[in-house]
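Have a look at the structure below, then the notes.
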Amino acid sequence: MSGQTKINNRYLLDVIEKTKEKNCMEPEFIQAMEEVLTSIEPVVAKREDAYKKSGLLERLVEPERIITFRVPWVDDKGEVHVNRGFRVQFNASIGPYKGGLRFHPTVNQSIMKFLAFEQIFKNALTGLPIGGGKGGSDFDPKGKSDNEIMNFCQSFMNELQKHIGQDVDVPAGDIGVGAREIGYLFGQYRKIRGVYEAGVLTGKGLEYGGSLARKEATGYGLIYFMREMLKDHKIDLNGKTAIISGSGNVAIYAAEKAMEYGIKVLAMSDSNGCVYDENGIDINTIKEIKEIQRGRIKEYLNSHENAKYFENGDTIPPLYRIKADIVLPCATQNDINLECAKVIVENGAIAVGEGANMPTTTDGINYFLEHNILFAPAKAANAGGVATSALEMVQNSMRFYWSYEEVNEKLDIIMSKIYARCKAAAYEYGYKDNYLAGANIAAFKKISRAMLAQGII
Ligand code: NDP
Ligand code: 2IT
C-alpha cells in the first residue's frame with residue numbers, strides 16, 4: 001500500500017502553489033488542502049479541461065464566506081473579556097453548511113478553515129445532503145463556571161444567529177462544545193429569533209429535539225468503520241488491544257463500542273497525560289471524571305490503584321509508547337507526527353483509526369501506508385457524528401423521533417457504506433488499500449459534479 005507524495009499535473013500543481021502562497025499564514029489549512037488535492041490527481045487528469053474551464057479547483061479551495069466577530073462576555077467577578085468568534089461557510093453545493101463549533105484557546109482562522117474544508121468531503125461521503133462548514137472561538141472553557149459558559153454562549157449566539165438557520169447553516173459540537181453548550185446556544189437563538197426552529201443546531205438534548213445515539217455516534221461510527229475495514233482483511237476485533245488518545249466525547253464512545261466488540265482498551269489520555277490500565281480501562285470511571293466532574297484523567301488513579309499515569313513531556317506523548325494492536329487518535333490535530341508513527345509501527349500495531357480531525361501529520365500518514373498499517377482516515381472514519389447530526393435534522397423536519405435502535409442501525413449502515421465507497425474509489429484509481437485516497441476521490445467526485453452542475457458561483 002502506498003501514499004502519494006508527488007504529482008505531475010500542471011493544473012493541480014499550480015492551484016496548490018497559488019493556494020499555499022495566498023494562505024501562507026495558515027499551515028493547518030494548507031496541510032488539509034494539499035493532502036486532498038494531491039490524492040485526486042488521477043480524477044483531475046481525466047477531466048482537466050472541464051475543471052479548468054469552470055475554475056473548479058480554485059473555487060473549491062476558497063471558502064464561500066468567512067465570518068469573524070467579537071464575543072464580549074462578563075465573568076463572575078464582573079470583569080469583561082473579549083474573544084474572537086468564527087464561522088467558515090466553505091461549500092454548500094450539496095446542502096446547507098454543516099459542521100461543529102470548537103471552543104479552545106488554540107482556535108484561529110487556519111484551524112477553522114482546515115476543519116471546514118475537511119467537513120465538505122466528510123459530509124459528501126455520508127451520502128446525506130449536507131455542505132461543509134465549521135466555527136468556534138478561542139474561548140477556553142476550562143475552569144469556567146456554568147454561569148460564565150452560559151454568558152459566553154449567549155454572546156456568541158447574539159452574532160452567530162444572523163448567519164445560521166435550518167436551511168442555511170447548521171452548527172453542532174466539537175472540542176469544548178457538548179450538550180451543555182448546545183443547550184445555551186439553542187436557547188439564545190430561540191429567544192432572539194422568536195421561533196422554534198429545532199433543526200438550526202444538532203447535538204441537542206433529547207427533551208428539545210435531539211436525536212438518540214447522536215452523543216455516541218462519532219465514537220461508535222469509528223468502530224463500525226474499523227470493523228468493516230478489518231473484516232475485509234480477515235481480522236477480528238475480538239481479543240485485540242487498543243490505545244485511544246483523548247477522553248472526550250469521541251474517545252469515550254469509541255472506547256465503549258470497542259469494548260463491546262471484545263477489544264481491551266489499555267490506555268486513554270487528556271492534554272496532560274495518559275492512564276494505563278493493564279486490566280482494561282474502566283470506561284464508567286472515565287465518564288464520571290470527564291462527563292460529570294469535568295476533571296483530569298489522572299483522577300482515574302483515585303479509584304484504580306493498580307493503574308499507571310504518565311505525564312506528557314517528551315516529544316512523543318507517552319500514550320503512543322504503549323504497545324497495542326489498534327491505535328485510535330481521538331483528541332486533536334497533528335497528535336501523531338512521523339516520530340510518533342515510527343514508534344507505533346515498531347510496536348507492531350496493525351491498524352490506525354482517526355476519530356479526531358487530521359490527527360496524523362502527512363509524513364506520519366505516509367509512513368503508516370508504506371508500512372502496511374490499515375489506515376482509517378478521519379474524514380471517513382469519524383463521519384458518524386455528522387451523519388447522525390443529519391439524521392437529527394431529518395427527525396426535526398418530520399417532527400417525529402426514531403428509537404435508539406433505529407438511529408444506531410442507520411448509523412451502522414452509513415458507516416459500512418462509507419467504507420465501501422472509500423474502498424471502491426481507491427481500487428478504481430489504483431490506490432489499493434489506501435482508504436485516504438479513496439475517501440478524497442469518492443467525495444471529490446460528488447462535490448465536483450454538484451459544483452459543475454450549478455455553474456460558476
Ligand atoms: P471533547 O472536547 O469532548 O474532547 C477533546 C479531548 O481531546 C479531551 O480529552 C482533550 O483533553 C483532548 N485534547 C483537546 N485538545 C488537545 C490538545 N491540544 N492536546 C492534547 N489533547 C487535547 O472533543 P471531542 O471528543 O468532541 O473531539 C475530539 C476530536 O474529534 C476533535 O478533533 C474533533 O474535531 C473530532 N470530532 C468530533 C466530533 C463530534 O461529534 N464531537 C465528530 C467528528 C470529529 P483536555 O480535556 O485535557 O483538553
Ligand atoms: O468534525 C465533525 O464532524 C463534528 N464536529 C460534528 C459536526 C456535526 O455537525 O455534527
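Positions are given from 1 along the sequence. Whatever order the structure lists ligands and atoms in, that order sets their numbers, starting from 1.
- In this structure, F69 and H163 have parallel ring planes: the angle between them is below the 30° cut-off, well short of the 60° mark.
- Among all protein heavy atoms, the one lying closest to atom 32 (O) of ligand 1 is N357 N, 3.2 Å.
- The closest side-chain donor-acceptor pair between N272 and E311, if any, does not fall under 3.5 angstrom.
- The shortest heavy-atom distance from G173 to ligand 2 is under 4.0 Å.
- Remark: minimum distance from atom 3 (O) of ligand 1 to any protein heavy atom is reached at N249 N, 2.9 Å.
- In the model, Q109 has a side-chain atom that pairs as donor or acceptor with a side-chain atom of E26 under 3.5 Å.
- Under a 4.0 Å heavy-atom criterion, Q119 is in contact with ligand 2.
- Ring centers of F139 and F156: at least 6.0 Å apart, outside the cut-off.
- Annotation: side chain of I281 is not in contact with side chain of I244 (no heavy-atom distance under 4.5 Å).
- Distance from atom 16 (C) of ligand 1 to its nearest protein heavy atom, with residue and atom name: T332 CG2, 3.6 Å.
- Looking only at protein heavy atoms, the nearest one to atom 9 (O) of ligand 1 is S247 N, 2.9 Å.
- Side chain of K144 to main chain of D140: a donor-acceptor pair is present (N/O by atom type, distance under 3.5 Å, no hydrogens or angles).
- Nearest to atom 48 (O) of ligand 1 among the protein's heavy atoms is K142 NZ, 2.8 Å.
- Closest to atom 14 (C) of ligand 1 among all protein heavy atoms lies I175 CD1, 4.1 Å.
- Of the N and O atoms on the side chains of Y224 and K257, at least one donor lies less than 3.5 Å from an acceptor on the other residue.
- Counting heavy atoms only, R214 comes closest to atom 6 (C) of ligand 2 of the residues E392, K134, R214, M393.
- Not a single heavy atom of M268 sits less than 4.0 Å from an atom of ligand 1.
- When only modelled atom types and interatomic distance are considered, N357 and K379 share no side-chain donor-acceptor pair under 3.5 Å.
- Residue contact annotation: G355 has a non-hydrogen atom under 4.0 Å from ligand 1.
- A donor and an acceptor atom, one from each side chain of Y300 and D282, are nowhere located under 3.5 Å apart.
- Neither the backbone nor the side chain of Q333 has any atom closer than 4.0 Å to an atom of ligand 1 (non-hydrogen atoms only).
- Protein heavy atom closest to atom 11 (O) of ligand 1, with residue, atom name and distance, is S271 N, 3.4 Å.
- Contact analysis puts R296 in contact with ligand 1, with a non-hydrogen atom separation below 4.0 angstrom.
- At the shortest separation from atom 15 (N) of ligand 1 among protein heavy atoms lies H104 NE2, 3.6 Å.
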